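The structure appears right after this line, and notes come after that.
A quick note: this is a predicted structure, and the numbers were derived from the prediction, not measured.
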Amino acid sequence: MVDTPMDTPCEQQALSATFPPQFLEFLQSNHINPDIYTMHEKLPRYVRIVQYAQRTSEEIQKLRLEVETDAGCRVSKVPGVPGFLEISDQSVSMSQINASARGDIVGMDVSSAIAALALSVSPGDNLLDLCCAPGAKLLLLAELLDASSGCGSKRGSVTGVDIAAHRVATCCKQIAKHAGHSRGHVRVFIEDGTTFSSLAPRDRWWDPKAVAAAAAVIGNADGEAENSGRKPKSRRKKVVEPGKPWFASRPLSNWYSNSGTELYDRVLVDAECTHDGSLSHVQKYERWGLEKLETQVIDDNRPTSVPVLQSKLLENGWRLLKVGGTLVYSTCSLSRYQNEYVVAGFLSRHGEDEARVEKIDVLDDIQCKGNITADDGSVAGGIVASPIWMPQTDVEWSEQGLGDRRSLFERMHNAARLDPMMSNTSGMFIARMHKLKHSPQQPSEDDIVPLAALPLSARVHAHAQN
């Protein structure tokens, strides 16, 4: 076994003490404790067992023991999160684990898995992942759908969307390598998630016979090759083209797949963010240069432009969701402007008769099965969620300029945060929303913004006056 030495207080403070001043101001304005970045080496490494539902309990136990041997430290199942293993030593490299090289496990923080599991995938669902790259959640959704479908005639679908071609290419490689049988559910688009408009694919969109039959009925002019559901070998698509789907199973007819008329049953908006809650992401800047944190988080008006982008992604995901469906909004940021303020802005556009923020049942299940056991109060096991950020006193509500917006925060009280100081995971915000009815009128482009807030300088000035 490998013993992980305890960090000294000086070592724990070294990283946060060298953060650029503007990044520290960003943390302060968002009530983010810089000490969370000292938790990186103390948290476990999480991995997901690929095709977990297809494996027997004996195979899973054998795989766990193999990973434990290769890692040289304790490896255990994650209570309440099927298919996930917790490697107790964060410093263990995936390259030293043979199961990773074979494709039997993939690295994925359990916080990301909780966002996907919060959708509560059901048999035959049409799923939309509006910001799908690099593909970890998309793969998990495909497996969840495949495991739930059984022998039913309606297999459902998983549609992934991302604006960056190189990230979509990575996503497609992951699907091709790891998805196995569940790849038959997946299609991926290079498109802007804020304007993506393709509806869920038609029933049996993956079946060449269904494509051929439908084409014959309407007299598809594309000829015999299109009617057969396959293209001649020389024309088969090998890369993703903007605006056209890439199929993980086979290059079926674009026309048939894109002629669906139904909205999606479940939508995941794991939105682009500043990644400040991802401890491993911030840790990389020790190698890249901490001054680059300002470029990635502060420069180019990102603190203001990113929440607007997130608001537009959330609004479009909601537009594509059917009545009775579920949408999960998540980020790996702990910024209230990218989380609570975005959701509050959304709720201000959609009344209580349209949108309801629901309890995240999977979190309750996880917290019931796991616990914190260390005598010194440090995280030693189990996953613990935290409530959302909101002002705690009348003075704070006034200082934040939110005195007349309390009801919006009260409506989202079922949303949750995963704070690395206590969650045993990397940072995450998750809000699960149920669509009660369609909006009578779509909001204008100018209205799709996060909840307005006082700038930092104004809040500091107001606090000084009080």
Side-chain angles (χ1 to χ4, degrees), residues 46 48 52-53 78-84 108-123 125-132 135-148 156 158-160 193 264-273 277-278 310 313-314 317-318 320-322 324-334 338-340 342-343 346-347 355-370 382-389 411-420 423-436:
Y46 292 101
R48 183 174 73 81
Y52 171 80
V78 179
V81 191
F84 274 76
M108 184 179 186
D109 195 87
V110 75
S111 60
S112 296
I114 292 171
L117 291 169
L119 281 174
S120 302
V121 174
S122 298
D125 277 347
N126 286 313
L127 311 175
L128 173 62
D129 184 351
L130 206 52
C131 308
C132 69
K137 296 183 188 70
L138 190 74
L139 273 171
L140 177 56
L141 289 175
E143 287 192 24
L144 291 171
L145 184 62
D146 190 44
S148 71
V158 182
T159 298
Y264 295 88
D265 298 283
R266 304 183 194 274
V267 176
L268 174 62
V269 181
D270 185 47
E272 170 63 24
C273 67
S278 173
Q310 293 163 333
L313 288 166
L314 174 54
W318 188 256
L320 293 167
L321 181 69
K322 65 171 53 173
T326 298
L327 180 146
V328 167
Y329 173 80
S330 62
T331 78
C332 62
S333 170
L334 295 176
Q338 299 173 52
N339 298 322
E340 288 87 354
V342 169
V343 175
F346 170 82
L347 294 176
R356 181 176 65 233
V357 181
E358 296 186 316
K359 198 171 185 180
I360 304 169
D361 291 335
V362 65
L363 271 177
D364 284 349
D365 190 40
I366 291 168
Q367 292 181 112
C368 285
K369 293 180 179 178
I383 296 169
V384 179
S386 303
I388 63 169
W389 174 88
R411 284 178 62 191
M412 75 170 96
H413 75 277
N414 281 325
R417 284 170 165 255
L418 294 173
D419 182 338
S423 66
N424 206 31
T425 69
S426 206
M428 203 80 179
F429 173 88
I430 306 171
R432 172 189 162 106
M433 290 177 272
H434 182 72
K435 190 168 187 175
L436 300 170

Next on the checklist: Quick check for you: to the nearest 0.5 Å, what is the distance between Met428 atom CE and Ile114 atom CD1?
Outcome noted: 9.0 Å
Next on the checklist: Looking at every heavy atom in both Leu418 and Leu334, which two are closest together, and how far apart are they?
Outcome noted: O-CD2, 3.9 Å
Checklist entry - Side chain of Asp265, backbone of Asn126: donor and acceptor closer than 3.5 Å? => result yes
Checklist entry - If only atom types and distance count, is the side chain of Asp109 paired as donor or acceptor with the main-chain N or O of Ser111 below 3.5 Å? => result yes
Item to check | Shortest non-hydrogen contact between Gln310 and Cys273, atoms and distance | outcome: NE2-CB, 3.5 Å
Checklist outcome for this item: Minimal heavy-atom distance between Ser333 and Asn339, with the atoms involved, is O-ND2, 2.9 Å
Checklist entry - Taking the side chain from Arg432 and the backbone from Asp361, do they hold a donor-acceptor pair closer than 3.5 Å? => result no
Checklist entry - Less than 4.5 Å apart, any side-chain heavy atom of Phe429 and any of Val343? => result yes
Item to check | Heavy-atom closest contact (Gly80 atom, Ile366 atom, distance) | outcome: O-CG1, 3.6 Å
Item to check | From SG (Cys131) to CD (Glu272), nearest 0.5 Å | outcome: 8.0 Å
Checklist entry - Taking atom CG of Leu321 and atom NZ of Lys435, what is their separation to the nearest 0.5 Å? => result 5.0 Å
Item to check | Pair Lys137 + Asp129: basic N to acidic O under 4.0 Å | outcome: no
Checklist entry - Ser426 side chain to Gly277 main-chain N or O, any donor-acceptor pair under 3.5 Å? => result yes
Next on the checklist: Strictly distance-based, threshold 3.5 Å: is any side-chain N or O of Arg266 a donor or acceptor partner for the main-chain N or O of Ser120?
Outcome noted: yes
Checklist entry - CG/Leu268 to CG/Leu327 distance, rounded to the nearest 0.5 angstrom? => result 8.0 Å
Next on the checklist: Looking at every heavy atom in both Leu313 and Leu130, which two are closest together, and how far apart are they?
Outcome noted: O-CD2, 3.4 Å
Checklist outcome for this item: Output for pair (Ile430 CD1, Asn414 CG), nearest 0.5 Å, gives 13.0 Å
Checklist entry - Given the rule in the side-chain contact (heavy atoms from CB on, under 4.5 Å) test, do Val384 and Asn424 qualify, once you have shown the distances and angles that lead to the verdict? => result CA-CA 7 Å; Val384 179; Asn424 206 31; over 6 Å; no
Next on the checklist: What's the separation between atom CG in Leu119 and atom OG in Ser330, rounded to the nearest 0.5 Å?
Outcome noted: 8.5 Å
Checklist entry - Are any side-chain N or O atoms of Arg48 and backbone N or O atoms of Met108, one a donor and one an acceptor, separated by less than 3.5 Å? => result no
Item to check | Atom of Ala416, atom of Leu363 and distance for their closest heavy-atom approach | outcome: CB-CD1, 3.6 Å
Next on the checklist: For a side-chain contact (heavy atoms from CB on, under 4.5 Å) check, start with the C-alpha distance between Val78 and Ile383, then their side-chain angles and the critical distance, and finish with the verdict.
Outcome noted: CA-CA 9 Å; Val78 179; Ile383 296 169; 3.9 Å; yes
